[in-house]
Protein chains: 2
Amino acid sequence: MEYRYNMRDLKFILKEWLPTEEVLSFDRFKDIYSIDDVDSILTEAYKVAREVVSPINAQGDKNPVKFENGVVTSPPGYKEVFQFIQKNGWGSSSECIELESGMPLMLFKAANEPMVAACPAMGSNIKLTTGAANLIIDFGTEADKSRFLPKMLSGDWQGTMNLTEPSAGSDVGDALTKSYPTDDPRIWKIKGTKMFITAGDGSICENTIHMVLARPPQGTKGSAGLGLYIVPKVWVDEDGSLGKPNDVATIAVEHKMGLNGSATCMLNFGENDGCYGIMLGSAPDEMGRSKGLAMMFNMMNESRIGTGHNANNQASEAYALASQYTSDRIQGYIKGERVPIIKHADVRRMLMDMKAHTEGIRAMIYKGFYCLDVANNSKDKEKAKECADIAAILTPLIKCYGSESAALMTAEAIQCLGGVGYTKEYPVEQYLRDSKILTIWEGTSFIHANDLVGRKMTMKNGKPFKMWMGSIKNFIDSNKNAAGLEKEFGTLARAYQAAEEVWQTIGSWQAEKDKKRELINLYALRTLFVFAQLYVAMCLIDQAVVASKNLAGLNEDHFDLNFYKGKVASARYYVNNSLPNVFTVAELIKNADDTVLEVPEEVLIVG
Amino acid sequence: MEYRYNMRDLKFILKEWLPTEEVLSFDRFKDIYSIDDVDSILTEAYKVAREVVSPINAQGDKNPVKFENGVVTSPPGYKEVFQFIQKNGWGSSSECIELESGMPLMLFKAANEPMVAACPAMGSNIKLTTGAANLIIDFGTEADKSRFLPKMLSGDWQGTMNLTEPSAGSDVGDALTKSYPTDDPRIWKIKGTKMFITAGDGSICENTIHMVLARPPQGTKGSAGLGLYIVPKVWVDEDGSLGKPNDVATIAVEHKMGLNGSATCMLNFGENDGCYGIMLGSAPDEMGRSKGLAMMFNMMNESRIGTGHNANNQASEAYALASQYTSDRIQGYIKGERVPIIKHADVRRMLMDMKAHTEGIRAMIYKGFYCLDVANNSKDKEKAKECADIAAILTPLIKCYGSESAALMTAEAIQCLGGVGYTKEYPVEQYLRDSKILTIWEGTSFIHANDLVGRKMTMKNGKPFKMWMGSIKNFIDSNKNAAGLEKEFGTLARAYQAAEEVWQTIGSWQAEKDKKRELINLYALRTLFVFAQLYVAMCLIDQAVVASKNLAGLNEDHFDLNFYKGKVASARYYVNNSLPNVFTVAELIKNADDTVLEVPEEVLIVG
């Protein structure tokens with residue numbers, strides 16, 4: 001089977017749906033990009049994804065990273081592809097939004113999307129390097145920047161983010177890694193063990209720049225006490241040249257369910273007392289507080305939306321593969337004729353389900369990227385703030401609903417293939433395995449659900465969330481008579497009402513305490529699904545309105561006819577078949593069953 | 001982490017919930033088993049599962065079956081465990097229900113359950129041997145039986161079922177494998193290729209007895225033309241001794257997402273024109289019809305229920321592991337104290353969800369086994385027929401809902417573990433991979449949904465289905481005042497109404513044709529979920545009624561207190577949180593959106 005990707009939908013989003021020209025008109029971009037570049041950039045990106053990136057995907061799965069005598073080796077082709085992407089402007093140099101060379105996020109992500117889908121494990125290598133570089137761009141000195149950035153952006157070095165430790169997973173504040181001052185106030189000794197470090201090693205680059213959270217001696221307890229340090233694997237002299245090894249050792253590589261091409265490492269810093277890091281930000285204040293975690297979370301919205309995006313890219317590719325297989329595979333009869341299985345109603349249902357979900361979630365994701373672009377670049381400060389708020393609300397929805405949905409969609413793609421879908425001879429099951437981690441990475445689904453109900457709904461006295469809900473209501477009120485979509489608007493309006501009730505109930509629980517307040521946590525994930533599905537439905541209907549208009553002028557043999565029909569169908573399917581989950585959850589929340597909280601916990605333990 | 005299994009629930013089912021004594025009183029069993037044996041059989045079975053079987057599970061995953069120079073080698077320990085189970089009466093000799101030594105299904109399956117959960121790949125080796133032996137028991141001559149059975153039941157030989165071919169998957173009738181008559185009317189020459197043959201090879205036994213579907217020259221088209229043949233890998237002389245190799249070659253072994261310890265083979269029969277099989281049943285009739293497939297489907301209900309059972313066993317073990325991890329793992333704070341993560345509401349919700357689903361589906365499964373036991377053994381012919389019908393209705397519900405649910409529950413178990421759940425160092429993710437095939441095996445989920453709406457609802461003029469629905473209504477009417485469960489009975493009654501509406505709508509579509517009739521296929525899977533969830537809810541509430549009674553007499557420190565509380569909690573949780581999906585689907589079916597059928601199929605293809 002052949003790697004193929006739904007590039008048409010990306011072009012629709014950028015050129016027909018979202019106000020991309022507004023973003024391209026910002027000072028930073030206006031002399032560099034125009035809307036006419038979208039086609040050529042996406043066409044070229046797709047070519048790279050197809051010809052350069054996709055060939056290494058199955059290989060990396062079948063020949064996982066190796067760990068022998070302390071040395072980690074990546075699968076064949078990884079080094080070359082990493083460097084190709086980085087050197088040719090398809091990676092970190094375009095992704096780091098605060099670089100001069102940075103592209104608008106919505107454009108970069110559209111170009112990046114087919115590449116991540118072509119090899120998710122490679123996508124992680126790039127993304128982590130971008131994350132590390134962004135920290136240096138935002139919080140490093142000019143000297144730090146010239147010392148590290150050129151080679152991090154050129155593909156010569158890679159970067160990592162080091163938060164997790166054996167006893168500090170979801171709760172980063174329990175980290176035990178320590179930092180000790182030296183004579184130079186910016187240079188600290190580092191000592192500790194980090195685990196689950198994605199792309200932590202792999203012989204792809206001559207050096208790896210680790211961004212490490214560690215607690216200085218005066219650091220207070222919890223996450224507030226953590227500082228952030230640039231810890232190169234091989235020391236980098238001030239002129240950017242390589243020094244001697246910096247006492248960073250890979251002590252284990254995880255054997256994982258998927259993402260076998262990407263090394264998930266356990267790293268030891270300073271085992272021989274010779275590991276040094278360069279402090280980002282300032283030394284701890286008199287209360288022992290540092291801003292390490294806050295700095296790491298600086299790009300949090302972008303990287304969390306990015307995780308949902310990654311999941312959806314994988315689900316999209318699984319869908320593309322399933323659509324290809326089901327239109328080729330002959331099995332069963334209809335009216336006495338053997339037919340490709342795409343003719344069977346249930347197979348079509350699964351394909352439509354994957355199409356509607358991946359397109360709808362993609363729409364929500366690009367709304368998020370658009371908001372970040374405006375927030376980061378608009379001179380209209382009011383609008384920038386508003387967009388930053390919307391991005392903050394969309395972040396947990398995208399991360400959580402995107403990754404949870406990918407788990408279902410990739411399983412559905414396997415189901416479309418039947419028995420062969422379970423084999424590694426076909427590329428679909430790898431997407432289920434590669435994407436499964438994304439409900440855990442960058443905060444588990446619950447952490448995001450909690451972020452929504454505990455933070456995003458109430459931030460700034462709840463004003464942004466109210467505005468966001470208002471924008472959905474406004475969309476419904478202004479468009480509800482759109483020809484051919486009246487029924488869908490009716491359902492969307494009812495879903496809005498149901499969501500509003502959920503919002504009120506959660507609000508009433510926020511005023512309570514103890515058991516009643518625990519209900520918020522108990523229903524948080526389901527609550528998140530309500531708002532995510534409402535928003536996805538709105539985006540799909542909005543796209544269908546645009547598609548209907550475009551469709552009106554086309555001849556029956558126009559090459560885009562089926563695309564627009566498909567956009568209308570996605571909206572219709574999603575609203576009629578998926579959105580009604582909102583009504584069920586609204587009822588559940590009204591009912592507020594608390595069995596889970598009431599049972600003694602021994603009841604839940606099999607033993 | 002340690003393998004543990006919820007044996008208490010099995011004892012509850014056999015000793016406190018279902019009328020097991022009725023089954024044990026049947027002539028075949030009454031002198032062999034009594035209800036007092038249940039405890040010791042289950043205790044011993046659990047010991048075998050824990051000490052003998054579970055140690056090979058992770059090993060087999062990490063060291064998949066090997067295929068070198070035409071020879072397939074199973075992972076370390078497989079041979080020994082297979083033979084231990086078969087020789088000690090824990091396998092086929094007890095599972096073959098028509099053997100003198102056969103156990104009641106409900107008792108055998110309860111003993112088998114912890115072993116399948118301990119190593120699903122080994123479970124397949126046993127199950128396939130049972131399937132092949134059952135065919136010889138039911139359709140072989142006395143000579144066939146004495147020739148093959150002793151060594152198939154002793155662990156010396158294994159057995160397989162050969163239906164699928166490269167171009168004949170869900171549609172077995174397209175099989176191309178041929179049989180040719182010889183001078184001996186029972187001996188036929190076999191020629192063809194079969195694929196996806198589970199446990200098709202593996203150097204576990206000195207011989208493998210393949211049961212092969214093939215089409216004789218006069219065989220008609222489609223499945224009616226297929227005969228069934230006993231095709232030993234090594235020829236077996238009439239006295240049961242081994243002859244020369246029978247020209248059966250393994251030409252490939254699948255690389256799969258899971259079940260790595262079990263060899264899924266592509267087999268060539270008669271490549272050198274020297275493969276012979278012994279015909280089961282009679283030669284084709286004058287219309288070219290044989291009963292090969294019908295014979296293979298003879299034990300269909302049992303093996304399909306068995307597939308749902310297998311899935312639920314795996315989900316149960318994944319839940320047991322998650323419960324163990326979450327009660328040990330310290331992370332996060334509640335009121336300033338670091339706590340095991342089982343204290344967090346969302347983790348408890350996931351555990352409760354897995355508990356309720358696996359217990360509820362187990363309850364439905366054992367209803368099915370009970371019905372098969374009565375159908376197979378009762379002298380009361382009326383009751384036997386009625387139970388056979390109920391088993392026929394429950395079969396698609398168990399197979400499809402059991403396997404689809406396992407896919408969600410095993411993913412939920414990974415989520416409970418967080419990052420380590422994604423690694424192979426922990427035994428949970430293997431269950432997701434090992435169980436995923438079960439939504440495809442023994443007929444895909446849609447095939448079973450179609451079986452429900454297209455066959456089981458309408459068989460015998462719809463009488464059995466009406467009776468079955470009546471039994472649910474009757475349960476509700478007779479128990480609705482059960483103390484403490486009034487709310488749950490109310491919801492169950494509403495769910496029954498919703499299901500009745502769905503039943504009527506499907507019935508009305510059955511009278512239509514073309515597009516309208518296609519709606520049945522389009523909504524088949526969701527329809528199946530409605531009836532499965534209704535039945536599971538009923539079983540759980542029924543169990544809760546029993547548990548409530550037992551609970552009433554117990555002191556606060558009784559060792560069974562939490563078990564009974566847990567049974568009540570499972571019912572409450574499921575009815576309040578999962579069952580309401582029935583209302584959503586009922587609405588969807590009323591709405592009958594046909595977008596999926598209306599779109600041109602090109603719309604669904606990513607190209």
Side-chain angles (χ1 to χ4, degrees), chain A residues 4 6 169-171 196 254-257 320 323 327 331-332 342 345-346 348-349 351-352 355 407 411 415 418-419 422-424 429 436-437 439-440 444 446 518 521-522 524-525 562 565-566 569 572-573 576-577 580-581 584 587-588 591 593 595-597 599-607, chain B residues 4 6 169-171 196 254-257 320 323 327 331-332 342 345-346 348-349 351-352 355 407 411 415 418-419 422-424 429 436-437 439-440 444 446 518 521-522 524-525 562 565-566 569 572-573 576-577 580-581 584 587-588 591 593 595-597 599-607:
Chain A
R4 285 184 202 164
N6 188 358
S170 288
D171 202 338
F196 290 151
E254 302 292 343
H255 301 98
K256 307 187 300 294
M257 185 183 192
S323 79
S327 52
Q331 194 78 178
I342 196 173
D346 194 64
R348 290 171 71 112
R349 177 190 62 76
L351 294 173
M352 190 74 237
K355 175 181 164 67
Q415 194 71 15
Y422 193 64
T423 70
K424 298 192 177 187
E429 61 84 39
K436 186 68 204 78
I437 188 60
T439 62
I440 297 168
T444 64
F446 170 69
E518 266 298 88
N521 288 328
L522 182 56
L525 190 65
N562 281 329
K565 283 187 181 173
R572 247 182 215 146
Y573 175 85
N576 285 299
N577 295 274
N581 175 56
T584 314
E587 277 301 310
L588 292 192
N591 184 25
D593 171 59
T595 307
V596 171
L597 305 175
V599 286
E601 84 200 28
E602 293 73 20
V603 161
L604 300 170
I605 302 169
V606 177
Chain B
R4 286 185 202 164
N6 188 358
S170 288
D171 201 339
F196 290 151
E254 302 292 343
H255 300 98
K256 307 188 299 292
M257 185 181 191
S323 79
S327 51
Q331 194 78 177
I342 195 173
D346 193 64
R348 290 169 72 112
R349 177 191 62 76
L351 294 173
M352 189 74 237
K355 175 180 164 68
Q415 195 72 14
Y422 192 64
T423 70
K424 298 192 177 186
E429 61 85 40
K436 186 65 205 83
I437 187 61
T439 62
I440 297 168
T444 63
F446 171 70
E518 266 298 87
N521 289 327
L522 181 56
L525 190 65
N562 280 329
K565 283 187 181 172
R572 254 189 208 140
Y573 175 85
N576 285 300
N577 295 273
N581 174 57
T584 314
E587 278 299 310
L588 290 192
N591 182 25
D593 170 60
T595 308
V596 171
L597 305 175
V599 285
E601 85 201 27
E602 292 74 19
V603 161
L604 300 170
I605 303 170
V606 177

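Throughout, a chain's letter reflects where its sequence line sits, starting with A, and its residues are numbered from 1. When reading the values below, keep in mind they use all heavy atoms of this one structure, side chains included, and skip hydrogens, waters and symmetry mates.
A donor-acceptor pair is defined here as one N or O able to donate and one able to accept, closer than 3.5 Å; no such pair exists between the side chain of B:Glu429 and the backbone of A:Lys256. Between the side chain of A:Ser323 and the main chain of B:Val606, a donor-acceptor pair closer than 3.5 Å is present. Proximity of a side-chain donor or acceptor of A:Gln331 to a complementary backbone N or O of B:Gly169 within less than 3.5 Å is detected.
Comparing A:Asn521, A:Leu604, A:Leu351 by heavy-atom pairs within less than 4.5 Å of chain B, the highest count is held by A:Leu604. Across A:Asn581, A:Leu522, A:Thr444, the residue that shares the most heavy-atom pairs under 4.5 angstrom with chain B is A:Leu522. In terms of heavy-atom pairs under 4.5 Å with chain A, the best-connected choice from B:Gln415, B:Lys565, B:Glu518, B:Glu254 is B:Gln415. Among A:Thr439, A:Ile437, A:Leu588, the residue with the largest count of heavy-atom pairs under 4.5 Å with chain B is A:Ile437.
Of the atoms belonging to B:Thr423, heavy atoms from both backbone and side chain fall under 4.5 Å from chain A. The contact between B:Phe196 and chain A is made entirely by side chain atoms (from C-beta outward), counting heavy-atom distances below 4.5 Å. Heavy-atom distances place both the backbone and the side chain of A:Ala411 under 4.5 Å from chain B. Of the two parts of A:Lys436, the backbone and the side chain both hold a non-hydrogen atom closer than 4.5 Å to a non-hydrogen atom of chain B. In this structure, chain B has heavy atoms under 4.5 Å from both the backbone and the side chain of A:Glu601. Contact of B:Ala320 with chain A is made through backbone and side chain together, with heavy-atom distances under 4.5 Å. Neither the backbone nor the side chain of B:Ala524 comes within less than 4.5 Å of any heavy atom of chain A.
Counting only heavy atoms from C-beta outward, the side chains of A:Glu587 and B:Pro580 never approach each other to under 4.5 Å. Side-chain contact between B:Val599 and A:Arg348 is present, with at least one heavy-atom pair separated by less than 4.5 Å.
What you find for A:Gly607 and B:Arg4 is that their closest heavy atoms are CA-CD, 3.8 Å. Across all their heavy atoms, A:Asp593 and B:Tyr573 have their closest contact at OD2-CA, 4.2 Å. For A:Arg349 against B:Leu525, the heavy-atom pair with the smallest separation is NH2-CD2, 3.2 Å.
Rounding to the nearest 0.5 Å places CD1 of B:Ile605 at 4.0 Å from CD1 of A:Ile342. Put simply, OG1 on B:Thr595 and CG on A:Asn576 are 5.5 Å apart, with the number rounded to the nearest 0.5 Å. Atoms CG and CE, from B:Leu597 and A:Met352 in turn, are 11.5 Å apart once rounded to the nearest 0.5 Å.
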